[in-house]
Amino acid sequence: MKNVFIIGSKGIPANYGGFETFVDELVSRQQNKNIKYHVACLSDNDNETEYHGAHCFNVKVPNIGPAKAVYYDLAALKYCVKYIKDNNINDAIVYILACRIGLFVSKYVKQLHKLNCKVYVNPDGHEWKRAKWNYFIRKYWKLSEKLMVKHADLLICDSKNIEKYIQEDYKQYSPKTTFIAYGADTSKSTLRDDDEKLLNWYKEKGVQAKEYYLVVGRFVPENNYETMIKEFMKSNTKKDFVLITNVEQNKFYETLKNETHFDQDKRIKFVGTVYDQQLLKKIRENAYGYLHGHEVGGTNPSLLEALATTDLNLLLDVGFNKEVGEDGAVYWNKQEGNLSGLINGLENISNDQLKELSTKAKHRIDSKYSWDYIVRKYENYFEV
């Protein structure tokens, strides 16, 4: 039996979040029964439970602000070392999601190596580039990433561009890396086009099927909402721009509204969040097009979901997005007039062109990003 300990997600079952969804899918779609998963879960108690055969151990963390995530990872890692010792487990893998604890990790790696265990790390995206962090936190993230790369036995990158970056920026450590993407659910929504839940949502938000462009994601500067909104406002399309995102108490939202006056353009519609996954999937399926502006990070979950569901996808032209979308999407850059010109041109796209783009996008997800495919790849590495 191969024991695999996973720390760094908030836990399972997943309510939200990329890492949480990944761990949930990995456990619930498990094909190799020779693997036993142990998953850290952020909690207000120290209970232990089972979920789809995985051993879930809760980690109680005090509310200490931004340092909470670091404390959580370290407490979970400490638990793993103790559990492995107490149960005389040999040849286990501890898989750490994200690079938050680089300054403290060497001590635990040494302990785990003495127990004949390996440490794998998912470096995630360029967390140190995110606009929400101040200068000092960005410096911490970058240093932490460097030390995680230095001490990891294997880095599992969910993007080829991230793997290339790790190999180039940290070549002094000769890091051992591999590429395993994030996955996507390729099934259709269970809702029909005439479902009351869907029709009520459309009525409440004032939109119609195939008459809106869509974006789903966190409302943060590095996702290029400023460019997308400004360019959409310049375009001639009569379609709406529907933004499914939480903007409550968001300073960036208020700043952008004051700068652009997007609230005076009736096509720009902030509609809040949608937690019903089947409803969200149907809203994606019925969008005329999906706009994706992420440029920080690896394989983005919302991009995979868009390619799996929406016919027409307009992606920011960066390596992370092109490696996923390939020729199943159209691309835009941040130059003034580029995106608005693309939107204007797509008003006259033929049904045949739309169908071709949609078919290529769905094939891309089915062949390289389905969860079953991703789970198989992970299990192959865990069994080695």
State whether the number of non-hydrogen atoms from other residues, nucleotides or ligands found under 6.0 Å of Q249 atom CD is greater than 12.
no

Do the side chain of S358 and the main chain of L354 share a donor and acceptor less than 3.5 angstrom apart?
no

Under the ring-ring contact (aromatic ring centres under 6.0 Å, His included) rule, collect the residues that match up with H38, sequence neighbours excluded.
F5, H55, Y83

Can you establish whether the number of heavy atoms outside K146 located under 6.0 Å from its atom NZ is more than 12?
no

Pair K281 + E285, salt bridge at N-O below 4.0 Å:
no

Distance alone, cut at 3.5 Å: any donor-acceptor contact between the side chains of D185 and S187?
yes

Could you walk me through whether N58 and E48 pass the side chain to side chain donor-acceptor pair (under 3.5 Å) check?
CA-CA 6 Å; N58 289 351; E48 300 190 15; over 6 Å; no

Is there a side-chain contact between I7 and C80 (heavy atoms, below 4.5 Å)?
yes

Side-chain heavy atoms under 4.5 angstrom apart, residues restricted to Ile, Leu, Val, Met, Phe, Trp, Tyr: same cluster for Y95 and Y381?
yes

Please determine if R29 and D372 form a salt bridge, counting it only when a charged side-chain N lies under 4.0 Å from a carboxylate O.
yes

If two hydrophobic side chains count as joined below 4.5 Å and joins carry through other members, does Y165 share a cluster with F179?
no

Side chains of L74 and Y108, heavy atoms from C-beta outward: is any pair under 4.5 Å?
yes

Other residues, nucleotides, ligands: >12 heavy atoms within 6.0 Å of K164 NZ:
no

For R100 and D73, indicate whether the former's side chain and the latter's backbone hold a donor-acceptor pair under 3.5 Å.
no

Does any N or O in the side chain of S235 come within less than 3.5 Å of the main-chain N or O of F232, such that one atom is a donor and the other an acceptor?
yes

Look up atom CD1 in I365 and atom CD in E305, then write down how far apart they are to the nearest 0.5 Å.
9.5 Å

Minimum heavy-atom separation for W371 to E25, with atom names?
CE2-CG, 3.4 Å

Mark yes when over 12 heavy atoms from residues, nucleotides or ligands other than K160 sit less than 6.0 Å from its NZ; otherwise mark no.
no

In this structure, are over 12 heavy atoms from other groups packed under 6.0 Å from Q335 atom CD?
no

Could you check whether K238 pairs with E347 (Lys NZ or Arg NE/NH1/NH2 to Asp/Glu carboxylate O, under 4.0 Å)?
no

Treat each ILVMFWY residue as a node, draw an edge where side-chain heavy atoms are under 4.5 Å apart, and state whether V242 and L199 are in one component.
no

Inspect the surroundings of CD in E50 and state if more than 12 heavy atoms from other residues, nucleotides or ligands are less than 6.0 Å away.
yes

Side chain proximity check, Y120 to V94, heavy atoms < 4.5 angstrom
no

Cluster overlap M148 with Y170, hydrophobic side-chain contacts below 4.5 Å:
yes

Does any donor atom in the side chain of Y212 or Y202 lie under 3.5 Å from an acceptor atom in the other side chain?
yes

In terms of heavy-atom contacts, Y288 and I349 come closest through OH-CG2, 3.3 Å

Is a side-chain N or O of W332 found less than 3.5 angstrom from the main chain of L314, in a donor-acceptor match?
yes

How about Q353 and S350: does a side-chain donor come under 3.5 Å of a side-chain acceptor?
yes

Give the C-alpha distance, both sets of side-chain angles, the deciding distance and a yes or no for side-chain contact (heavy atoms from CB on, under 4.5 Å) between R364 and L307.
CA-CA 8 Å; R364 182 90 182 114; L307 291 165; 5.6 Å; no

Classify the ring geometry of F382 against Y378: parallel below 30°, tilted from 30° to 60°, perpendicular beyond 60°.
tilted

If you count the non-hydrogen atoms of other residues, nucleotides and ligands that lie under 6.0 Å from NE2 in H113, is the total more than 12?
yes

Give a yes or no answer on whether the side chain of N116 reaches the backbone of N90 with a donor-acceptor pair at less than 3.5 Å.
no

Who pairs with Y72 by ring-ring contact (aromatic ring centres under 6.0 Å, His included), at least two apart in sequence or on another chain?
none

D24 versus P13, closest heavy-atom pair with distance:
OD2-CA, 3.5 Å

Heavy-atom nearest pair, L316 first then G293, reads CD2-O, 3.5 Å

Ring centers of F262, F241 separated by less than 6.0 Å
no

Is D46 paired with K60 through a side-chain N to carboxylate O contact shorter than 4.0 Å?
no

Using a 4.5 Å cut-off on heavy atoms from C-beta on, say whether the side chain of K2 contacts that of I93.
yes

Restricting to salt bridge (Lys or Arg N to Asp or Glu O under 4.0 Å), what partner residues turn up for K210, sequence neighbours left out?
D311

Okay, side chain of S144, backbone of Y140: is any donor-acceptor separation there less than 3.5 Å?
no

Ion pair present between K234 and E231, side-chain N to carboxylate O less than 4.0 angstrom?
yes

Is any side-chain heavy atom of Q111 less than 4.5 Å from a side-chain heavy atom of K114?
no

For the backbone of R218 and the side chain of N223, can you confirm whether one donor and one acceptor N or O come within less than 3.5 Å of each other?
yes

Parallel, tilted or perpendicular, judged at 30° and 60°: which one describes the rings of F57 and Y79?
parallel

D153 (side chain) donor-acceptor with V119 (main chain) under 3.5 angstrom:
yes

F270 and Y253: aromatic ring centres closer than 6.0 Å?
yes

Could you report the tightest heavy-atom contact between A92 and I84, atom names first, then the distance?
CB-CD1, 4.3 Å

Y225 ring center within less than 6.0 Å of F219 ring center
yes

First locate atom NZ of K150, then atom OG of S174, and finally report the distance between them rounded to the nearest 0.5 Å.
12.5 Å

Hey, are the side chains of L214 and L291 touching, using non-hydrogen atoms and a 4.5 Å cut-off?
no

Less than 4.0 angstrom from a charged side-chain N to a carboxylate O is my criterion; do K360 and E326 meet it?
no

Do K322 and Y331 form a cation-pi contact, if we require the NZ or CZ to be under 6.0 Å from the six-membered ring centre and within 45 degrees of the ring's axis?
yes

D240 and Y213: side chain donor to acceptor below 3.5 Å
no

What I want to check is whether the side chains of Q278 and T190 have a donor and an acceptor closer together than 3.5 Å.
yes

Return yes if some donor-acceptor pair links the side-chain N/O of N338 with the main-chain N/O of K334 below 3.5 Å, else return no.
no

Any Lys/Arg nitrogen of K142 or E145 sitting under 4.0 Å from an Asp/Glu carboxylate oxygen of the other?
yes

Would you say E379's side chain and Q30's backbone share a donor-acceptor pair under 3.5 angstrom?
no

Which atom of T310 lies closest to which atom of A287, heavy atoms considered:
CG2-O, 3.9 Å

Taking NZ in K33 as the centre, count heavy atoms belonging to other residues, nucleotides or ligands within less than 6.0 Å. Is the count above 12?
yes

Before accepting this row, confirm whether a basic side-chain N of the pair K282/D195 lies closer than 4.0 Å to the acidic partner's carboxylate O.
no

Is there a side-chain contact between L357 and L312 in this structure, where contact means two heavy atoms from C-beta onward sitting under 4.5 Å apart?
yes

Test side chain to side chain donor-acceptor pair (under 3.5 Å) applied to N333 and D317, step by step:
CA-CA 6 Å; N333 60 47; D317 192 353; 5.9 Å; no

I'd like to check H292 versus N321 (side-chain heavy atoms, cut-off strictly below 4.5 Å). Are they in contact?
yes

